[in-house]
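To start, the structure under review is shown below, and the notes come after it.
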Amino acid sequence: MRVFSFTKADRILKHLDFVRISKKGKRLQDTYFTAVYSTGRLERTRLGITVTKKVGNAAVRNRIKRIIRECFRLEKQKIKGCWDINIIAKKAAEAAGTDQMFSSLQGIFKKIEGKFDN
RNA sequence: GGAGCAGACCAAACGAUCGCCAGGCCAUUAACCGUAUUACGGUUUUAGGCCGGGAGGAAAGUCCGAACACCGCAGGGCAAGGCGCUCCGUAAUACGGAGUCGCGGCAACGUGAAGGAAAGUGCAACAGAAAGGAAACCGCCCGGCACUCAAUUUCUGCGCAACUCUCUUGACGCGCUUAAAUAUCAGUUGGGCAGAAAUUGAGUGCCGGGUAAGGGUGAAACGGUGUGGUAAGAGCGCACCAGUUCUCCGGGUGACCGGGGAAGCUAUGUAAACCCCGCCUGGUGCAAGACCAAAUAGGGGAGCGCUUGAGGACGGCCCGUCCAAGCUCCCGGGUAGGUCGCUUGAGAUGCUGGGUAACCAGCAUCCCAGAUGAAUGAUCGUUAUCCGGUUUUGGGUAACUGAGACCGAACACAGAAUUCGGCUUAUUGUCUGCUCGGACC
RNA sequence: GGGCCGUUAGCUCAGCUAGGCAGAGCACCUGACUCUUAAUCAGAUGGUCCAAGGUUCGAUUCCUUGACGGCCCA
């Protein structure tokens, strides 16, 4: 298994999964993103992305999603434990640059990792 | 070089590393099923390798038109909605091409929902006399009546001036002032004043009639200019111009254009107001629709059972104890979820031919995204483009301009969602052709 | 993806059908009443009628295009 792969098994795609995370999960925020996370059922950490129409038009939303995926792809090996994480973009993310989003997401992932007890 | 008009094209390129999506081939983990059972095949699933492919000119807005799917439908009409110069193109259109006419622009050119206002109804605020098949407020003209004014003529009275006359500078005084008398108490001419009458003219008011030339209005005022004409005027007549209807000739497939004649003087604007005429339209939309199908609840059927105990709990099983009226199976609808629809098509590219063009025909070659919490990316490097600044240098008197180096910054609008054909809107840059009036040499 | 509706004063809405003056309530401001405030009464201010273009003498109103906001459909 390649180190930096990121397939559909690493992602949250079902509507029921999103509902379960938002009901049971905990929240983290900074200026660009809100993270909702809970312990995962599977043996790997999975990522879900939510970008609403408030954030921008379709091109802007696609760009934000790609940057989030790219950051998770490079960072997920460092995250201990198995989590289901939903990243929700805020309106401020429309104007943010790639470096700003990367540092913001890295901070969020480190905070989630700190919650890992076992 | 400036201002502007039209058209076409592009949507930075290459490389490295790490990745994403669907497909094909290879290959692998696990589970299940089948058979001719240490094997082979199938389905689902796990990790991976190779191959070639992977956003747009607007993918956008959803403003039109279709394909396709389901529902509805004997046929016809009404209603409702849409469209509206002509011809052509097209599967079709509210689209495109070529034209006609109107409008805008010096021009290149642009632009127009451009049928009918002499079928009918409505509306036209304010202002203005009047806002629509004309009427008549002012005005102009004619006639009558009343009043006022002016001029002329005649008559009467009273002064004045000049001349003549005279015994008297015709004064003063007295008397009279009804008539008359007294008396020298004049005469002629000129002009003035007052009164009366007549005539003429003017003005004011009222009444009756004619007229629409003119009237600080208005977006728009019932053809325009000139001339004759008339009481005053008027298409009332005439000339020219503009417009309407009818008609003839010629050109054009046609919208329409050119020329001639007649009538009649006129007919406002608005139909993106109602409306009339002609033509078109069944509805809903891939979240259409077809198929597979958990869990829970409910429906139908069959079997077993209701104290002679089905079934459940305790338990590995039997016995036993307790609870107990329902339990099991099948069927169909159908939700979550999934599969199909789903990309070979009014297809793309090239050549040839037809046509002014839109477009069409023939031949050859090619297969070119199919995702569904939704795939095309991230980082780095090099080069190119554009912008700003600094600077070197060539041309030119100058305005200006060509080439190069360095630094910085920028690289737009924007992401397929059943598929096509258009329209509209957003937006970067390049090129070509054309128009206009200037400056410099 | 598809369908439907709306945008008028600081706020909530009329007016648009049938074109010509832009209005109501609340709020804000001023004055009166009151010892003061509230309530009440009187008065005044306040508008690119979402934007652009067209039809018309004239557009909030009619037409076209766009922007923004909202609702519905599995």
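Please read these numbers as outputs of a predicted model, since none were measured by experiment.
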Which is true for Phe6(A) with a 4.0 Å heavy-atom rule: it touches a base, it touches only sugar-phosphate, or it touches nothing?
sugar-phosphate
Tell which nucleotide pairs with A66(B), taking only Watson-Crick or G-U wobble pairs whose two distances are both under 3.5 angstrom.
U419(B)
Over how many whole Å does the gap from Ile49(A) atom CD1 to A374(B) atom P extend?
6 Å
Using atom C1' of each nucleotide, how far apart are C256(B) and A267(B) to the nearest Å?
24 Å
Shortest non-hydrogen pair, Ile64(A) vs Ala89(A), comes out as CG2-CB, 4.1 Å
Rounding to an integer number of angstrom, what distance separates G226(B) and A242(B) when you compare their C1' atoms?
16 Å
Pairwise P distance for A94(B) and G282(B), with rounding to whole Å
15 Å
Given that both distances must come in under 3.5 Å, which nucleotide forms a Watson-Crick or G-U wobble pair with G96(B)?
C88(B)
Looking only at heavy atoms, what is the nearest atom pair of Phe33(A) and Ser104(A), with distance?
CD1-OG, 3.5 Å
Rounded distance in Å between the C1' positions of G70(C) and C423(B):
28 Å
Between P on U376(B) and CG on Asn62(A), what's the gap in Å once rounded to a whole number?
8 Å
Syn-anti status, with the boundary at 90° from 0, for the nucleotide G159(B)
syn
Per the glycosidic torsion and the 90° limit around 0, nucleotide C411(B) is anti
Asn57(A) side chain N/O closer than 4.0 Å to the phosphate oxygens (OP1, OP2) of G415(B)?
yes
Any base atoms under 4.0 Å from Thr98(A), or only sugar-phosphate, or nothing? Heavy atoms, all strands.
sugar-phosphate
Both Val60(A) and Phe102(A) contact RNA chain B. Which one's nearest nucleotide lies toward the 5' end?
Phe102(A)
Using the P atom as the point on both nucleotides, what is the distance between G24(B) and A293(B), in whole Å?
26 Å
Pick one for U343(B): is it syn, with its angle within 90° of 0, or anti?
syn
Per Ala58(A) side chain, nearest of listed nucleotides G373(B), A375(B), G415(B):
G415(B)
Between the base of G19(B) and the ring of Phe4(A) - centre-to-centre under 5.5 Å, planes within under 30° - is that a stack?
no
Candidate nucleotides G373(B), G338(B), G415(B), ranked by approach to the side chain of Lys14(A) - the nearest
G338(B)
Where each residue is assigned the nucleotide of RNA chain B containing its nearest heavy atom, which of Leu16(A) and Ile12(A) is assigned the position nearer the 5′ end?
Leu16(A)
For atom C1', what is the distance between G56(B) and A369(B), given to the nearest Å?
13 Å
Which heavy-atom pair separates Phe102(A) from Ile67(A) by the least distance, and what is that distance?
CE1-CG2, 3.9 Å
Now, which nucleotide makes the Watson-Crick or G-U wobble pair with A371(B), with each of the two distances under 3.5 Å?
none
Any N or O donor-acceptor pair under 3.5 Å from the base of G19(B) to the side chain of Ser5(A)?
no
Whole-angstrom distance between G128(B) and C16(C), as gauged at atom C1'
31 Å
Pairing partner of G122(B), by Watson-Crick or G-U wobble and under 3.5 Å for both distances, is U270(B)
Say we look at A55(B) and A371(B): how far apart would their P atoms be, to the nearest angstrom?
16 Å
Could you walk me through whether Thr39(A) and Trp83(A) pass the side-chain contact (heavy atoms from CB on, under 4.5 Å) test, one step at a time?
CA-CA 5 Å; Thr39(A) 48; Trp83(A) 303 95; 3.9 Å; yes
For C246(B), the nucleotide meeting Watson-Crick or G-U wobble distances (both under 3.5 Å) is G261(B)
With syn defined as a glycosidic angle within 90° of 0 and anti as everything else, classify G84(B).
anti
Pick one for A55(B): is it syn, with its angle within 90° of 0, or anti?
syn
Using the side-chain heavy atoms of Lys8(A), tell me which of these nucleotides is nearest: C21(B), G377(B), A414(B).
C21(B)
Ile64(A) CD1 to G415(B) P: how many Å, rounded?
13 Å
For U182(B), the Watson-Crick or wobble counterpart (both distances under 3.5 Å)
none
Any donor-acceptor pair under 3.5 Å joining the side chain of Arg73(A) to the base of C18(B)?
yes
No-H, no-angle donor-acceptor pair, Arg66(A) side chain to G415(B) base, under 3.5 Å:
yes
